[in-house]
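Only one structure is covered here, and it is reproduced in the block below.
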Amino acid sequence: MTPLLVVMWSLFYPFSAISPTSLNPATVCSLQGKFDPHFQADGDFIIGGIFPMHYRVEPASENSNLKPAPAECQGFDPRSFRWAQTMRLAVEEINHSQQLLPNFTLGCKIYDSCATPITAQQAALAVLNGPDETQSEVCSGASKLLAVVGESGSAQSIVVSRTLQPFQIPMISYFSTCSCLSNRKEFPTFFRVVPNDDYQVKAIARLLQRFGWMWVGVILEDHDYGRFALQGLMREIKNTGMCLAYHEMIPKVYNRQRVQEILNIMKHSSARVVVAFSGEGELNPFLKEYMDQNITGIQWIASEAWVTASVFTGSEFYPFLGGTIGFAIRQGKVAGLRDYLLSVNPLRYPTNPLVHELWGALYGCSLYPSSSRTQASSQLPPCSGLEPLLKQHSAYLNTSSPRISYNVYKAVYAIAHSLHNLISCEPGKGPFHNSSCADATNIQPWQLQHYLQEVRFTISGEEVNFNAQGDAIPSYDVINWQRGAAGNIEFVNVGRFDGAKEAGKELFIQEEAIVWTGHQREVLVSVCSESCAPGSRKAFRRGEPLCCFDCVPCDNGKISNKTDSIDCTSCTEDYWSNAARTECIPKAIEYLSHDAMGLTLTVIAVVGACLTVAVLAVFLYYRNTPIVKVNNSELSFFILLSLTLCFLCALVFIGEPTSWSCMLRHTAFSITFSLCISCILGKTLVVLAAFTATRPGNNLMKWLGPKQQRFIISACTFIQVIICAVWLITAPPFPNKNSQYHRSRIILECSVGSEQAFWCVLGYIGLLAALCFILAFLARKLPGNFNEAKYITFSMLIFCAVWLAFIPAYVSSPGKFTVAVEIFAILASSFGLLLCLFAPKCYIILLKPEKNTKQHLMGRVVTK
Ligand code: TRP
C-alpha cells in the first residue's frame with residue numbers, strides 16, 4: 001500500500017531511437033514505491049477502476065529532508081467499496097456472457113483514490129503500469145490498459161483525466177458531475193454516465209422557485225465541484241429575483257474554527273434554506289459540528305453528492321437533517337449485486353486489507369490487529385470473519401436502489417460494448433484510415449475512444465449513449481429525507497427532474513408526499529424581506545442584495561395594485577389614489593352644494609327675500625300713511641322688489657355649476673344690483689332735488705317727475721344690461737374643472753370667461769354706488785324730521801364696505817369658498833340696504849304710529 005511513482009519511459013521518450021527494451025529493464029524501469037491494486041483480475045483487455053474507498057488522507061509532512069511517507073488514507077467508505085465490487089461483478093458478468101466479447105476476457109485493476117486528487121493521480125499512474133518491474137508491460141511495450149472507470153469526485157477526475165490524456169486512454173466517470181469536465185478541449189478522453197451539474201443547478205433553481213425560497217445560503221466543498229456548482233447556481237438564479245444570502249466553503253482540511261465561523265453565519269442569517277454542494281466526506285464532520293451546536297430549523301437542499309449518502313441515515317441525524325430534499329442520480333437495476341456483495345468476506349480475501357477494514361467498519365471489530373493500518377482498530381475487539389452481513393449494514397449492503405453502483409455497472413458495460421463493436425468491425429468497413437479496422441490483438445486506447453463516443457446500447461431497460469461532450473442524458477430523482485420506522489432516515493422518492501423535457505416542464509414534484517424539516521407538512525418561508533403589499537413599493541437597501549428591501553407606501557396620487565411592485569404608478573389626470581393606494585378612483589368633484597354651508601346661505605337668502613317681501617307688504621298696506629307717501633312710495637316699491645331679486649339671485653350661486661347657471665349667476669346678480677342701486681340713486685336725486693327746490697328760483701323738481709325717475713332707473717340698468725349682453729356674447733362664463741387648488745379634488749367652478757367683463761360689471765355697480773353715496777352725503781344735512789339721505793348715505797357706506805372687503809377675500813379664497821364669499825357679499829349688502837333704508841320707517845309705521853303724521857314728519861320744516 002505504499003505509493004509508487006514510476007518513471008514512464010514511453011511518456012518521456014515516445015519517439016526515442018533507443019528502444020527501452022534494448023536496455024536493461026532494471027536500470028530503466030525502477031519503481032519509486034509500491035502502489036498495489038486492491039483487486040485485480042487478468043484478462044485480454046485490462047480496464048482500470050479508481051474508487052474513493054477512504055474519505056480522506058492525513059496531510060503529508062512538510063519536511064523535505066525525509067523521504068515522502070506513503071499517503072495515510074483514513075475513514076473507510078463502505079459505500080464506495082460497494083461500487084468497486086459492482087465493477088468486479090460487471091466484469092465477471094461480461095466474461096461469462098456469450099453475447100458480449102464471447103472469445104475474450106476482460107481484466108481489471110481497482111485502486112483507491114482516498115477521495116484526494118494526489119492519491120487519485122498516484123492511482124492513475126499505477127493503473128498505467130504493471131504492479132512491479134517484472135510484469136511491467138509499459139517498459140517492454142504497449143500497455144494492455146484500454147480504459148479507466150473513474151473517478152468519483154470531480155477534482156480527482158480532473159487529475160486522472162489529465163494524467164491519462166497524453167496516452168489517449170478514455171475514462172468513464174460514474175460520479176463526477178462538475179460542468180467543467182464537459183470541456184472537450186481540456187478533457188478530450190473524458191466520458192461520464194452522470195449528468196453534468198449544469199442540469200442539477202437548473203433543477204435546484206426550479207425547486208427554489210417552486211417553493212418561493214428567495215433567500216438562500218450555499219455551503220460548498222473547496223473543490224472544483226463546489227466552485228463550479230456555485231457559479232452555475234448563481235447564473236441560474238440571476239434574473240429570477242432570488243438571492244444568495246451567503247456562500248461559504250467548507251475547508252479542505254477540517255478546521256474547527258472555520259467551521260464554527262460558517263455555522264455562526266448560518267445561525268445569524270435570515271436565510272432558512274441552505275443548499276450544500278459537497279461530498280459526504282467533507283460534509284460529515286461539518287454536520288456533526290452543526291448538530292453539536294443544536295442548530296435546527298434549516299431546510300437543507302442536498303446535491304447529488306450526498307443526497308443518498310447512507311452515513312447520514314442514523315436516527316441521531318433526523319431532528320437536524322430530516323426533511324432534506326435534493327436531486328439524486330437516477331437509479332437502475334443491477335441483478336445479482338446483493339449476492340455478490342454477500343460473497344465478499346475476510347475468509348475469501350484473507351490478505352486484502354480493504355476487506356478487513358470493511359469488517360472493522362461494519363462490525364466494529366478487528367480481524368488481524370497487526371495487519372491493520374490504523375492504530376485505533378487494534379483496540380477493537382477481535383472478530384472471526386464469519387459474521388453474517390445483516391440489514392443494519394446498509395451502508396454497504398443497500399442494494400435496493402443502486403444509483404452510483406448502477407453507474408459503475410453502466411460504465412463497465414459501455415466499455416465492453418465498445419470493445420465488442422471494435423472487434424466485430426468488418427474488414428474494409430472500419431472507421432479508421434482507409435476504412436480500416438482496429439487490430440483486435442493490439443487495440444490502441446484511442447481506437448476504443450472512437451467506439452465509446454459512438455456506443456449505444458440498452459441496459460436494464462435504459463438506453464445508454466454519450467453526447468458530443470461525453471455526458472449522459474440528464475435525469476434526476478427528487479429525494480426527500482423522511483423518518484423510517486426505526487427513527488432512522490429514509491430516502492423517499494417524491495418527484496423527478498427530466499432535463500430532456502421542454503423548458504418549464506422538467507420538474508415534477510409530489511408536494512403532498514414531502515415532509516419538511518422539523519417534521520413539518522408546511523413549506524417553510526425563506527425571504528430576506530416580506531413582500532410588499534399592494535399600495536406600497538419596494539425600496540431597495542443600499543449595498544444589500546435585491547431580495548432585501550423596505551416597503552414604502554405610495555405617494556398621494558400614486559398607486560400599486562400588485563404585491564412586490566417596484567414602482568407606484570401615477571393616476572391619470574381626473575383620477576386620484578384611494579386611501580389604501582391600491583386603485584385610482586375618480587377625483588371628488590367639489591362645488592358649493594346644498595351641504596351645511598350651502599343650506600345656511602340658502603336659508604339666509606330666503607329669509608332675506610321673505611323679509612323684503614314682508615316690508616313690501618307693510619308698505620303696501622300703509623301706502624296711504626304719510627311716511628310712505630313722503631318717501632316716494634313708487635321708488636320704495638321698486639327698491640324692495642329689486643332687493644327681493646337680489647336675495648333670490650344668491651340662490652343661483654348654490655348648486656352644481658352648469659353652463660346655464662354660470663351665465664345666469666353673473667348676469668342676474670349684476671342686473672338686479674344695478675337696478676337696486678339705480679333706484680336708490682333715483683331716490684337720492686329726488687331727495688336732493690326736493691330740498692333744493694324749496695329754494696327760490698330752483699325748479700329742479702320739474703325735471704325729476706316720476707317719468708324722469710323711471711327713465712333714469714331704466715337707463716342706468718340698461719347700461720348694465722348692455723355690458724352683460726356683450727359679456728355673454730363674447731366670452732360668457734362657463735363651468736370649469738379646476739384641479740389647481742387641490743391635487744386630489746376637482747373644483748367645479750364658474751370661470752368668468754372674461755375677467756375684464758367681470759370687473760367691468762362690478763365696477764359699474766361700484767360706480768353707481770359711489771355716485772349714490774356722494775349725492776346722499778351731500779344731502780345728509782338737509783333739514784327734515786325724516787331725512788332719507790342720512791340713511792342712504794349709511795346704507796351706501798355699508799354696501800361699499802362689503803364689496804371692497806369682498807375683493808381681497810374673493811381673490812384669495814380657493815374653491816367653493818370663492819362662491820360662498822360672493823354669496824355672502826350679496827346677502828350682506830342686500831341686508832345692509834334693507835335694514836338701513838327700511839328699518840327706521842318700519843319702526844315708525846309699526847311701533848310709533850303717532851309719529852306717522854304729516855306734521856311730525858314736516859315738524860322741523862314747519863317750525864323753521
Ligand atoms: N458529484 C460530485 C463531484 O462531481 C461527487 C463528489 C463531491 C464527491 N465531492 C466528493 C465524490 C468527494 C467523492 C468524494 O465531485
Side-chain angles (χ1 to χ4, degrees), residues 55 77-83 86 175 194 200 203-204 207 210-211 273-281 283-284 286-288 290-291 295-334 337-338 341-342 361-362 388-407 475-497 507-524:
Y55 283 123
D77 181 4
R79 183 192 187 200
S80 181
F81 186 81
R82 182 174 74 223
W83 303 341
T86 315
F175 202 15
V194 278
Q200 185 177 192
I204 290 180
L207 184 82
R210 163 86 178 249
F211 293 109
V273 172
V274 178
V275 186
F277 293 104
S278 172
E280 54 185 274
L283 205 59
N284 197 9
F286 178 85
L287 288 179
K288 287 251 165 68
Y290 169 84
M291 300 201 313
I295 307 174
T296 51
I298 294 244
Q299 172 64 46
W300 286 95
I301 297 185
S303 72
E304 101 299 337
W306 63 286
V307 72
T308 51
S310 35
V311 241
F312 301 120
T313 50
S315 55
E316 71 277 16
F317 288 99
Y318 187 79
F320 302 94
L321 299 181
T324 296
I325 194 166
F327 293 92
I329 286 153
R330 293 294 309 284
Q331 63 184 56
K333 278 192 205 81
V334 183
L337 178 60
R338 193 182 164 83
L341 294 179
L342 285 173
L362 297 182
L389 281 165
L390 297 170
K391 206 172 162 234
Q392 64 261 36
H393 305 125
S394 63
Y396 172 62
L397 259 192
N398 185 357
T399 52
S400 58
S401 56
R403 296 173 193 274
I404 315 301
S405 309
Y406 175 60
N407 281 347
S475 173
Y476 298 95
D477 284 338
V478 183
I479 297 293
N480 181 218
W481 290 19
Q482 302 186 0
R483 187 158 59 191
N488 59 321
I489 288 178
E490 265 176 20
F491 305 134
V492 181
N493 196 339
V494 293
R496 166 178 294 199
F497 180 87
L507 185 63
F508 162 77
I509 286 194
Q510 273 175 288
E511 233 172 277
E512 52 308 327
I514 305 178
V515 177
W516 300 109
T517 186
H519 210 69
Q520 298 279 316
R521 279 283 171 186
E522 255 141 63
V523 184
L524 115 181

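The closest donor-acceptor contact from the side chain of S405 to the backbone of P402 lies at 3.5 Å or more, if one exists at all. Checking side-chain atoms of R496 against main-chain N and O of F508 turns up no donor-acceptor pair under 3.5 Å. Judged by distance alone, with hydrogens and angles left aside, the side-chain atoms of N480 form a donor-acceptor pair with the main-chain N or O of V515 at under 3.5 Å. Counting only distance, with no hydrogens or angles, the side chain of N488 and the backbone of R483 share no donor-acceptor pair below 3.5 Å. Using a distance-only test at 3.5 Å, with no hydrogens or angles considered, a donor-acceptor pair links the side chain of T517 to the main chain of I298.
Between W300 and W306, the angle of the ring planes goes over 60°, which puts this pair in the perpendicular group of the 30/60° scheme. Ring pair F491/W481 is tilted by interplanar angle, where 30° to 60° counts as tilted.
For the atom pair D77 CG and R82 CZ, the distance stands at 9.0 Å (nearest 0.5 Å). The distance from atom CZ of F317 to atom CG of N284, rounded to the nearest 0.5 Å, is 5.5 Å. Rounding to the nearest 0.5 Å places OH of Y476 at 14.5 Å from CG of N493. To the nearest 0.5 Å, atom CZ of residue F312 and atom CG of residue L321 are 7.0 Å apart. Separation of atoms CD1 (I489) and CD (E316) is listed at 8.5 Å; rounding is to 0.5 Å. Note that CZ of R338 and OG of S400 are 9.0 Å apart. Values are rounded to the nearest 0.5 Å.
Between V494 and I479, every side-chain heavy-atom pair lies at or beyond the 4.5 Å cut-off. Residues N407 and V194 form a side-chain contact, since some pair of their non-hydrogen atoms from C-beta on lies under 4.5 Å apart. F327 places none of its side-chain heavy atoms less than 4.5 Å from the side chain of D477.
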* Mind running side chain to side chain contact (heavy atoms under 4.5 Å, CB included) on V478 and L507 for me, showing each step along the way? => CA-CA 9 Å; V478 183; L507 185 63; 4.2 Å; yes

* To do: Output, in order, the C-alpha distance, side-chain angles, deciding distance and verdict of side chain to side chain contact (heavy atoms under 4.5 Å, CB included) for I301 and V273.
  => CA-CA 7 Å; I301 297 185; V273 172; 3.5 Å; yes

* **Audit row: F320, L287, side chain to side chain contact (heavy atoms under 4.5 Å, CB included) steps and yes/no** => CA-CA 9 Å; F320 302 94; L287 288 179; over 6 Å; no

* Stepwise side chain to side chain contact (heavy atoms under 4.5 Å, CB included) check, L207 with F497 -> CA-CA 10 Å; L207 184 82; F497 180 87; over 6 Å; no

* To do: Using the side-chain hydrogen bond (donor to acceptor under 3.5 Å, both in side chains) rule, take E280 and Y55 through it: C-alpha gap first, then chi angles, then the decisive distance, then the call.
  => CA-CA 8 Å; E280 54 185 274; Y55 283 123; 2.7 Å; yes

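The shortest heavy-atom contact between Q482 and Y318 is C-CE1, 3.7 Å. Across every non-hydrogen atom of T324 and Q299, the tightest pair is CA-NE2, 3.9 Å. Here the closest non-hydrogen pair linking I514 and R521 is O-NH1, 3.3 Å. Between A486 and S315, the shortest heavy-atom distance links the atoms O-CB, 4.1 Å. Across all their heavy atoms, S303 and Q200 have their closest contact at CA-OE1, 3.3 Å. Of all heavy-atom pairs between A328 and T308, the closest is CB-CG2, 3.9 Å.
Between R210 and E511 a salt bridge is recorded (basic side-chain N to carboxylate O distance below 4.0 Å).
Looking only at atom types and distance, the side chain of S475 has a donor-acceptor partner in the side chain of R330 under 3.5 Å away. W83 and Y406 are not linked by any side-chain donor-acceptor pair at a separation below 3.5 angstrom, with hydrogens and angles left out of the test.
Remark: E512 CD is packed, more than 12 non-hydrogen atoms of other residues, nucleotides or ligands lying under 6.0 Å away.
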